[in-house]
Amino acid sequence: MRRNKKLASIFAVSILALGATACGGDDGGSDNAGDGASSGGGASSDVKVGMAYDVGGRGDQSFNDSAAAGLDKATDEFGFESQESEATDGEAESAREERLVTFAEAGYDPVIAVGFAYAEALGKVSEQYPDTHFAIIDDSSLADSPNVASLTFAEEQGSFLVGAAAALKTEADHIGFVGGVETPLIQKFQAGYEAGAQAVNPDITIDVTYLSQPPDFSGFGDPAKGKTAAEGMFDGGADIVYHAAGGSGGGVFEAASEAGGKAIGVDSDQYETADDSVKDVIMTSMLKNVDVAVYEYLSKVADGDFPAGQTTYDLAVDGVGYSTSGGQIDDIVDQLDDYKQQIIDGDITVPTEPTS
Amino acid sequence: MTPRMTKLLLGLSAPVLALVAAFAITSLVLLIAGDPVGGVWGEILSVPEGRNIANIVNSASVLYLSGIAVAIGFRMNLFNIGVDGQYRVAAFTAAVVAGEAWLPGYLNTVLAIVCAMAVGALWAGIAGVLRATRGVSEVISTIMLNFIATSLVAFLLRKAAVREEGSNNIGTKEIPEGSRIPSFSFGDGPGQEIYGFVVIAVLVGVLYWFLLGSTRFGFDLRATGRSTTAAVASGISVTKMVVAAMLLSGAVAGLVGMPLLFGESYTYGSTFQSGLGFAGIAIALLGRNHPVGVAIGALLFAFLNEQSNPLQILVGVSPDIVAITQGVIVLTVVVSYELVRRYGVRLEQQSVARALESERAQREEVTA
């Protein structure tokens, strides 16, 4: 019995230790965050920006990093003071709330919540602190609050263009989509991609897979799963696969490289950030410029204006788009820009929910 | 010093030793990382404000239920790692049942909670039956059941989900207002509210204490945990006890998500708190499976979590440092209890030796 108990303790401790080391990994990133608490650049200002990241925080090479880039640019340019805090995995709802309250209490104004997970907490906190200004990314459920700016993106429009690009480039008339987690947000990517591909070729075959279902969010950080899913599509005859799966996308690139196919990146220009060995397979990337949204919001703040309500970053304001690094789609840029113009003009309305 | 006093002092010295060691080690980590040691402890050990106290008590109630669920298994020498899966399956079920509101008002609440306990018990019962009839280690089966629970809930959530306009969050239907469990307010400030479910958590603790200490079942449970062979010899059916203990552990695990569900979120969605089952393991270990010990452990963990939240904003140190402290506390608790136990044994041996010595001396005097 004693042995069993010991075993139990060892187990529990190693679980905790694992947790601790995993968190230790984050530590490096957040140290930088601590250093970030200085006013930068030439200009100076008494605006204090609070930035509440989602799980992963600065350094996740994805969504949070993009928001951080926008913050850095703004603090450099306008001389804001800024402070950052990130969510821990498995934290209570009250912890998210407390993070926003701490910012508000410490005089940070505006406070930017990165990610839709903050929506509920922000709903409560924005009422408690009516004099503090908040912004939230990827959520518009608080668009009616007088002190909340909702920064959302027309992911479906950017996805439409890369869908069209895939349909123009495919030789098999067979393409694929790998979504990270089957949330309404990622379904927008799917809907746009399908619409874009079908606009070029109504008979095209499109495989769709999601890596996990909410509340399991592992699909955003599991390259092995991404690789398996993409391998299945390449084996089945697809030759281009678009991923909207955050960190799992690395696996999609690997699968494309091994199968001799092509892949489409997401959020940032992944041709620039991916490993050299898979660079060549990244035909283009769907750009979701969270940094632009954060920067623009803060530049308005610098002018003394705190916007509220919903701002959608779409093709018209270059909030979303596609990348051309690598030169692989240079020959179809004209066609894509034509689609882009049609969307901007309202001649094409891109659906936000998949038809199937 | 009377033997009773010695025992009490020894009992107290173990956790104190553990805490002091944990604080020292954490400080060392902070020093090495070049972070402000004083600032960090100043923030963590500052007096919590009203809303923070509410958060601490609230999250402690959740951790307490999880700790008790694990402790029931531990008492029987069963390592129920599956509390994590059990509470999620149960919380989802309760959220759906309460959201559908087949019954009016609090009847709906009661039905949902009973369903949660039943589902939690069933989920744990699978591991119990496998262990009892096939000898499958409950460690393995509950880990597997955790994975299955994750996928199952994810799959079902998509079927049951409703979505608010403009939100990227999905969740079950909201529980109607009449079926929510009201909170106690203890101040005027915002957030100074304690879940009504805290009362039920305390009741669970009392029941656990009564069941273990004062009933035949509790005696059988502890006896089987201490020695299976002795239990069999005294006529206890071990198979039955294994299943019963897992069912009970699972039923309590089913309650873990209830304070959150009926006191805060009113829906089970993508932002429902995860990982509570694993925290429960650490807390049960920390509290030595004792109802009061587990409560202290839960409060300590909740306190550390809450107080560490503003660290990054106010001191510029990642709150992850507290995860290190918590891990180290569990480690030092295990070590220090063992050290104190050995010290106690040595004290006893010494006193026995002294008694024997004086007896021998007396005998020699008599014979001399």
Side-chain angles (χ1 to χ4, degrees), chain A residues 1 4-5 7-9 11-13 15-17 19-20 23-24 26-27 30-31 33-35 37 50 83-86 88-95 97-99 101-103 106 108 116-117 119-120 124 128 138-143 150 152 182-185 212-217 310, chain B residues 33 51-52 55 58-59 62 74 77 79 81 88 139 150-151 153-155 157-158 161 163-170 190-191 225-227 260 264-265 268-276 278 281-282 285 305-306 309-310 312-314 316-321 323-324 326-327 330-331 334:
Chain A
M1 169 231 168
N4 258 350
K5 222 176 206 172
L7 203 73
S9 341
F11 235 108
V13 167
I15 287 166
L16 281 168
C23 299
D26 296 343
D27 242 354
S30 25
D31 276 347
D35 299 336
Q83 184 54 278
E84 315 179 350
S85 179
E86 72 189 62
T88 47
D89 204 7
E91 68 180 6
E93 183 66 32
S94 65
E97 220 172 290
E98 189 58 29
R99 187 167 303 116
V101 166
T102 309
F103 272 128
Y108 288 91
F116 65 84
E120 201 178 322
K124 290 183 198 159
Q128 286 165 24
D138 273 352
D139 178 272
S140 61
S141 60
L142 300 166
S150 304
T152 56
E182 191 161 9
T183 58
L185 178 64
S212 72
Q213 310 286 336
D216 172 12
F217 281 82
Q310 184 179 0
Chain B
R51 64 162 201 282
N52 302 107
N55 286 345
N58 288 341
S59 80
V62 176
F74 272 162
N77 227 358
F79 195 27
I81 305 188
R88 275 180 287 145
V139 175
T150 306
S151 309
V153 170
F155 172 74
L157 178 60
R158 263 198 70 222
R163 185 182 164 203
E164 202 187 322
E165 192 52 43
S167 167
N168 280 310
N169 213 343
I170 61 169
R226 290 266 166 92
S227 158
L260 298 170
E264 170 122 25
S265 67
Y268 185 96
S270 21
T271 54
F272 203 81
Q273 198 176 356
S274 62
L276 289 168
F278 294 114
I281 297 175
L285 275 173
N305 283 341
E306 180 70 19
N309 202 355
Q312 204 175 356
I313 299 168
L314 301 180
V317 175
S318 163
D320 293 330
I321 189 72
I324 298 179
Q326 288 173 337
V330 174
L331 198 72
V334 175

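Hydrogens, waters and symmetry mates are skipped; everything else that's a heavy atom, side chains included, is used.
- Smallest separation of non-hydrogen atoms from L142(A) and A119(A): CD1-O, 3.5 Å.
- If you measure heavy-atom distances from Q310(A) to chain B, you find no contacts under 4.5 Å at all.
- Interface residue Y268(B): only side-chain heavy atoms are found under 4.5 Å from chain A.
- A donor and an acceptor atom, one from each side chain of N52(B) and E306(B), are located under 3.5 Å apart.
- Closest of all the heavy-atom pairs between S140(A) and T152(A) is CB-CG2, 4.0 Å.
- Interface remark: L157(B) contributes side-chain atoms only to the contact with chain A (heavy atom separation under 4.5 Å).
- In this model, a donor atom of one side chain and an acceptor atom of the other lie less than 3.5 Å apart for N305(B) and Q326(B).
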Worksheet entry | Step-by-step side chain to side chain contact (heavy atoms under 4.5 Å, CB included) determination, E86(A) to Q312(B) | CA-CA 8 Å; E86(A) 72 189 62; Q312(B) 204 175 356; 4.2 Å; yes

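- Of the listed residues (A161(B), G275(B), S270(B)), the greatest number of heavy-atom pairs within a distance under 4.5 Å of chain A belongs to S270(B).
- In terms of heavy-atom pairs under 4.5 Å with chain B, the best-connected choice from A143(A), A95(A), S150(A) is A95(A).
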Worksheet entry | Test log, rule side chain to side chain contact (heavy atoms under 4.5 Å, CB included), inputs T102(A) and N309(B) | CA-CA 9 Å; T102(A) 309; N309(B) 202 355; 5.7 Å; no

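- Residue L260(B) does not touch chain A at all, counting heavy-atom pairs closer than 4.5 Å.
- Using a 4.0 Å cut-off between charged side-chain N and carboxylate O, E84(A) and R99(A) make no salt bridge.
- With a 4.5 angstrom heavy-atom cutoff, T271(B) touches chain A via backbone and side-chain atoms both.
- There is no contact between R88(B) and chain A, counting heavy-atom distances below 4.5 Å.
- Contacts between A117(A) and chain B at a heavy-atom distance below 4.5 Å involve backbone atoms as well as side-chain atoms.
- Heavy-atom distances place the side chain of Q128(A), and not its backbone, under 4.5 Å from chain B.
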